[in-house]
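So the structure is just underneath, and the comments pick up after that.
Ligands are counted one by one from 1 in listed order, and the atoms in each one are counted from 1 as well. For reference, positions follow the sequence shown, starting with 1.
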Amino acid sequence: MSLSFDQLHGTNKRAAEILLGNDRGGYTVPSAKLYPFQWNWDSALVALGFSVFDPDRAWQEVESLLSAQWDNGMVPHIIFWKEEKSYFPGPEQWGTTDIAKAPPTSGITQPPVAATVIERLLAEDIDAHRDRAAKLLPKLDRWHQWFLDARDPDGRGVVAIMHPWESGRDNLPDWDRPLSFVDTTGIGGYHRRDTDIVNKDERPKNNDYDHYMALVRFGRDCNWNTDIIARDCPFWVAEPGMNAILRRAESDLIRMARCLGNDDIAARATARFARLDAGFELLWSETVGGYVTLDLRRGEHAIGLTSGSWLAMFAGPVEPARATTMASTLTHWLDQVEHGVPSFDPAHELFDSIRYWRGPVWAMINWMIATGLIEHGETDLAERIRRDTQSLIDQSDFREYFCPVTGRGGGGTDFSWTASMSLYWAARPETLPIPAHLSQSTAPTGTADQENT
Ligand code: DGY
């Protein structure tokens, strides 16, 4: 049941006001100055917040996102709906105008959390939302298929990213070594805009940006040809966050397709799920004791756990012994900081508490981790993470992310997905999947299905 805006109070009302303030008419910007366009996974997660007080607006958000799908199935990470000079790199650097048609977009994608969000929007009232969801399912199906075709052409069962920005976790220490093989000759002379707006200590370093721009150049030079990218892109890594979110998205797509009677999509998604389910094992590192990034060019695992490692439990069932180990390692992480969940191992020498994805806490990752924990019976730990998230917002407002040591906010202000997560989590503390009997559940078992049987 959704509430009206007038029924919201206090923090919830303020969160809704942030969403409305960042609404540009059918799409929402993550933060007015720092990110003035539509971002892929931001937008999907923002729809959850809107669903609390304006379901129609929530659907518009995912519809506008998926309307920018490329002919090859990819849904881009940024959609440049309007001209705006305050962001770099803009449409000229991406060079996608011929491919994206109108409006221009970036040339890469982001974690496909949209199916999981749409499943939740649908589950709120299946009869009311059936038609809208049915129109989006083929787009999700094509996007998910694109991931396997373009980013896993060898059929290993893990999808690669060709740019750190595709993971959505831009400057994770995991990328340091794979990026060191990227040639940055001739890159330079560009003007970063992000550090005009945010303190430079909270953002990726200039050296990181040189590598980001070298990879944009690589993609632009091959006209974003996915065969060339898969064969030659110097950065080609599989990481647990992206793979977990895609695997989860497939099981949520199966559930929706069965509920809406689309057997073809359900069958294709089931086949993809099986491939991703088997491939996920490649990310397990016995040395680190968890799911970590795998550099596919060199066959090397990363040396530390990240907040993406915990998303394995969001992806689907983790075998009990591993789930117990993960829960106890996560508890150990939380015991070392004031506020969880840090984005990188707080005991690691590369941990940096305020620099973007090298330490800070992100509300939407917390929500995904907690959802997975609940589905594995770790409800106390999930509740601890929910409380931590809300106390960070109470202390430092709706910032982009938070220092796990002091609770200080970092990055953008009045941030959409922080507001959305706060609002949605308060309104829907439990998972709310499509009931199993409506999904005629031959879908992969073990995630949300378990709660309804
Ligand atoms: C940025 O510009 O910092 C974004 O994270 C890229 O998507």
Evaluate W165 for polar contact with ligand 1, using N/O atom pairs at a separation under 3.5 Å.
no
Given the side-chain rings of W39 and Y87, with only the six-membered ring counted for Trp, is the space between their centroids under 6.0 Å?
yes
Numbered atoms and elements of ligand 1 in range of D170, under 4.0 angstrom, heavy atoms:
1 (C), 3 (O), 4 (C), 5 (O), 6 (C)
Given L423, D414, L8, the one that forms side chain to side chain contact (heavy atoms under 4.5 Å, CB included) with R14:
D414
Return yes when F88 approaches ligand 1 closer than 4.0 angstrom through a heavy atom, no otherwise.
no
Is the shortest heavy-atom distance from the side chain of E400 to the side chain of V198 under 4.5 Å?
no
If hydrogens are left out, which of Y356, Y209, Y35, Y87 has an atom nearest to atom 2 (O) of ligand 1, that is, the closest non-hydrogen atom?
Y87
Residue-ligand contact D194/ligand 1, heavy atom below 4.0 Å:
no
Regarding R399 and the six-membered ring of F415, is the cationic atom NZ or CZ under 6.0 Å from the ring centre and inside 45° of its axis?
no
So is R298 actually on top of F181's ring, under 6.0 Å and inside 45° of the axis?
yes
Polar-atom distance check: Q110 versus ligand 1, any N or O pair below 3.5 Å?
no
Below a 4.0 angstrom heavy-atom separation, can you tell me which part of W41, side chain or backbone, both or neither, approaches ligand 1?
neither
Atom 7 (O) of ligand 1 [closest protein heavy-atom partner, distance rounded to 0.1 Å]
H77 NE2, 2.8 Å
For atom 3 (O) of ligand 1, what's the nearest protein heavy-atom neighbour? Residue, atom name and distance, please.
R203 NH2, 2.7 Å
Going by ring-ring contact (aromatic ring centres under 6.0 Å, His included), W417 matches just one of W41, Y424, W367. Which one?
W41
F5 ring centre to K13 NZ or CZ under 6.0 Å, with the angle to the axis within 45°?
yes
